Amino acid sequence: MDAPVSQSPAPAPRRGWLFITGMIAGVAAPLLLAEIYARARPPADIEVYRRDESALTGDYKGDAELGADYRSYDDFQRDYADRLRELGPLDSPRATWLWFGNSFVQAPTMLGDTAQAALPDVRMFYLRRNEQANIRVDQARLLLAHGLRPQHLIFVLLPIDIAGLGWHPLSSIYVNKSGAITYRVRMPKGPLAGLIAHSRLAFLAWVRSGEGAMDPRFHAAQVTEGLSPSILADLQAYTRNLGELSRKYGTPVTVLVIPNREQIFGKAHFFPQEAIAAMCRNEGIDCYDARDVFLNAPDKPGLFLPDWHFNARGNRMLFAGLLAHFEAMKKAP
């Protein structure tokens with residue numbers, strides 16, 4: 001019998017190509033599956049950056065100055081139907097103070113509730129919902145345009161509100177075709193931009209890395225040390241619109257600037273307060289910098305809840321300071 005013919009191993013070059021092909025397939029297959037999944041099931045935290053491709057819906061339209069505005073008063077009214085019903089008609093003869101702010105104003109037991117408890121005969125008109133600051137300006141425009149005539153319009157800002165403009169400047173706001181507020185993404189230069197534009201997986205990685213932010217190096221602590229030209233311009237848009245409302249409707253406006261805990265504990269500067277005060281002077285509206293309420297307070301840790309909102313004592317001190325400010329304004333020449 002003939003001896004069996006043994007099979008010789010593949011030539012070295014062929015084995016090398018098989019190895020390379022296997023490596024490519026091993027890398028490409030998971031990437032392809034991840035790309036398919038990213039297109040079919042985009043993560044919820046990315047929806048706000050997908051603009052017209054986003055599944056998000058809302059009641060907004062674009063606004064040249066503030067990035068977004070309500071499409072109509074009816075949309076706003078429907079969104080806040082229960083709270084507006086509770087507050088009563090806009091043209092009520094009751095004395096009314098109109099408040100805007102984040103959770104330091106709107107949340108239960110915070111400044112809005114404190115003010116209402118202190119002055120029960122005054123209708124404290126606050127909406128009990130935390131909206132971004134540009135939307136608060138929009139709400140002020142709508143309410144005044146539809147007949148609300150408050151004795152005071154109090155627009156509250158904290159450093160965290162200002163930091164929001166570092167993460168999402170007004171120029172980055174994009175209202176999609178479904179009326180939702182979404183955000184533009186900063187794109188890199190060169191070939192990487194094409195990859196990010198055409199690959200959902202690359203887009204996801206770019207956004208989650210933080211490099212898609214308009215200022216990728218921004219962090220919240222920066223706002224107490226100085227404000228960028230972009231943030232200053234956006235704050236001017238707020239004060240400019242508030243000044244126009246004050247003049248148009250004869251409504252006294254006070255921008256109340258509340259210090260954060262780092263400022264209260266002497267670990268940060270007060271550049272935002274000083275910049276906002278100057279802007280308010282230019283617009284002819286009032287600014288109350290509440291730092292003195294807290295800087296000399298005994299037991300500063302005793303001003304706060306565990307989540308660093310003010311507790312009852314802190315809110316009472318803050319409101320007492322605002323009332324004293326209003327009394328001083330009455331006596332000023």
Side-chain angles (χ1 to χ4, degrees), residues 45-46 48-49 63 65-68 99-107 110-111 129-140 154-174 181-186 207-242 255-280 287-291 293-295 300 303-310 314 318:
D45 61 319
I46 300 300
V48 74
Y49 299 104
D63 183 271
E65 276 200 292
L66 296 172
W99 295 79
F100 295 100
N102 64 19
S103 57
F104 277 73
V105 174
Q106 307 291 346
M110 294 295 117
L111 188 56
R129 193 183 302 174
N130 187 3
E131 302 281 9
Q132 55 197 46
N134 61 316
I135 298 302
R136 299 173 212 162
V137 180
D138 295 329
Q139 292 172 341
I154 304 158
F155 194 87
V156 179
L157 287 171
L158 282 90
I160 190 63
D161 296 310
I162 301 166
L165 296 171
W167 293 311
H168 296 302
L170 296 180
S171 61
S172 74
I173 295 173
Y174 178 87
I181 293 176
T182 65
Y183 298 99
R184 296 178 175 88
V185 171
R186 184 187 70 86
V207 171
R208 285 187 169 172
S209 73
E211 292 298 317
M214 292 300 168
D215 183 357
R217 306 296 168 253
F218 174 79
H219 54 87
Q222 290 176 234
V223 300
T224 57
E225 306 306 311
L227 301 177
S228 69
S230 171
I231 292 177
L232 286 169
D234 288 351
L235 287 173
Q236 286 172 340
Y238 294 167
T239 55
R240 183 169 58 251
N241 275 269
L242 291 171
V255 178
L256 166 56
V257 192
I258 301 176
N260 65 10
R261 66 178 183 269
E262 289 82 10
Q263 292 174 320
I264 291 171
F265 288 115
K267 298 178 180 179
H269 296 292
F270 289 87
F271 288 109
Q273 283 85 343
E274 291 158 9
I276 292 169
M279 294 176 194
C280 290
C287 179
Y288 175 49
D289 176 355
R291 74 176 85 173
V293 171
F294 302 107
L295 289 186
K300 291 178 183 177
L303 297 168
F304 296 98
L305 296 170
D307 66 358
W308 293 109
H309 283 81
F310 292 124
L318 178 57

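Side chains included, hydrogens not; waters and symmetry mates left out as well; all remaining heavy atoms used. Source: prediction; values computed, not measured.
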* Structure fact -> CD1 of I162 to CG of L227, rounded to nearest 0.5 Å, is 6.0 Å

* Asked: Any donor-acceptor pair under 3.5 Å linking the side chain of S103 with the backbone of Q106?
  -> no

* Looking only at atom types and distance, does a side-chain atom of N134 sit under 3.5 Å from a main-chain N or O of L66, one as donor and one as acceptor? -> yes

* Report yes if the side chains of I160 and N260 come closer than 4.5 Å at any heavy-atom pair, otherwise no. => no

* To do: Of all the heavy-atom pairs spanning A163 and F218, show the shortest one and how long it is.
  => O-CE2, 3.4 Å

* Structure fact -> Closest heavy-atom pair, C287 versus V257, reported as atoms and distance to 0.1 Å, is SG-CG2, 4.0 Å

* To do: Compute the centroid of each ring, for Y238 and then for F100, and state whether the two points are separated by less than 6.0 Å.
  => no

* If you look at every heavy atom in F271 and G226, which pair is closest and at what distance? -> CD1-N, 3.8 Å

* Taking the side chain as every heavy atom from C-beta outward, state whether M279 and V255 have any atom pair closer than 4.5 Å. => no

* Asked: What closest approach, in Å, do N130 and G101 show between heavy atoms, and which atom pair accounts for it?
  -> OD1-O, 4.4 Å

* Taking the side chain as every heavy atom from C-beta outward, state whether F294 and L318 have any atom pair closer than 4.5 Å. => yes

* Asked: Do V137 and E65 have side-chain heavy atoms sitting under 4.5 Å apart?
  -> no

* Could you give the distance from OG1 (T224) to NZ (K267), rounded to the nearest 0.5 Å? -> 12.5 Å

* Flag, side chain of E225 to backbone of Q222, donor-acceptor distance under 3.5 Å -> no

* Asked: Taking atom CZ of R184 and atom OG1 of T182, what is their separation to the nearest 0.5 Å?
  -> 8.0 Å

* Structure fact -> Distance col, row S172:OG vs Y49:OH, nearest 0.5 angstrom, shows 8.5 Å

* Structure fact -> What one should report as the nearest heavy-atom pair of P216 and G210 is CB-O, 3.7 Å

* To do: Would you mind reporting whether Q132 and L165 have side-chain heavy atoms less than 4.5 Å apart?
  => no

* Which residues share a ring-ring contact (aromatic ring centres under 6.0 Å, His included) with Y288, sequence neighbours left out -> H325

* Is the closest side-chain heavy-atom distance between D138 and N241 below 4.5 Å? -> no

* Does the side chain of D161 reach to within under 4.5 Å of the side chain of L158, using non-hydrogen atoms? -> yes

* Shortest non-hydrogen contact between P169 and D234, atoms and distance -> CA-OD2, 3.4 Å

* Between SG on residue C280 and CZ on residue R240, distance to nearest 0.5 Å -> 13.0 Å

* Could you give me the CA-CA distance, side-chain angles and deciding distance for D45 and R208, then say whether side chain to side chain contact (heavy atoms under 4.5 Å, CB included) is met? => CA-CA 9 Å; D45 61 319; R208 285 187 169 172; 2.9 Å; yes

* Taking only residues two or more places apart in sequence or in another chain, which ones pass side-chain hydrogen bond (donor to acceptor under 3.5 Å, both in side chains) with H168? -> none

* Structure fact -> Taken in chain and number order and not counting sequence neighbours, the residues that satisfy side-chain contact (heavy atoms from CB on, under 4.5 Å) with V48 are L56, Y183

* To do: Would you check if the distance from the ring center of F104 to the ring center of H309 is below 6.0 Å?
  => yes

* Asked: Among Q273, R291, H269, which one satisfies side-chain hydrogen bond (donor to acceptor under 3.5 Å, both in side chains) with Q263?
  -> Q273

* To do: Would you mind reporting whether V156 and R136 have side-chain heavy atoms less than 4.5 Å apart?
  => no

* Could you tell me the separation between the CG atom of L111 and the CD1 atom of I258, rounded to the nearest 0.5 Å? => 6.0 Å

* Stepwise side chain to side chain contact (heavy atoms under 4.5 Å, CB included) test for I264 and F310 -> CA-CA 12 Å; I264 291 171; F310 292 124; 3.9 Å; yes

* **Check against salt bridge (charged side-chain N to carboxylate O under 4.0 Å, His left out), R186 and D215** => CA-CA 8 Å; R186 184 187 70 86; D215 183 357; over 6 Å; no

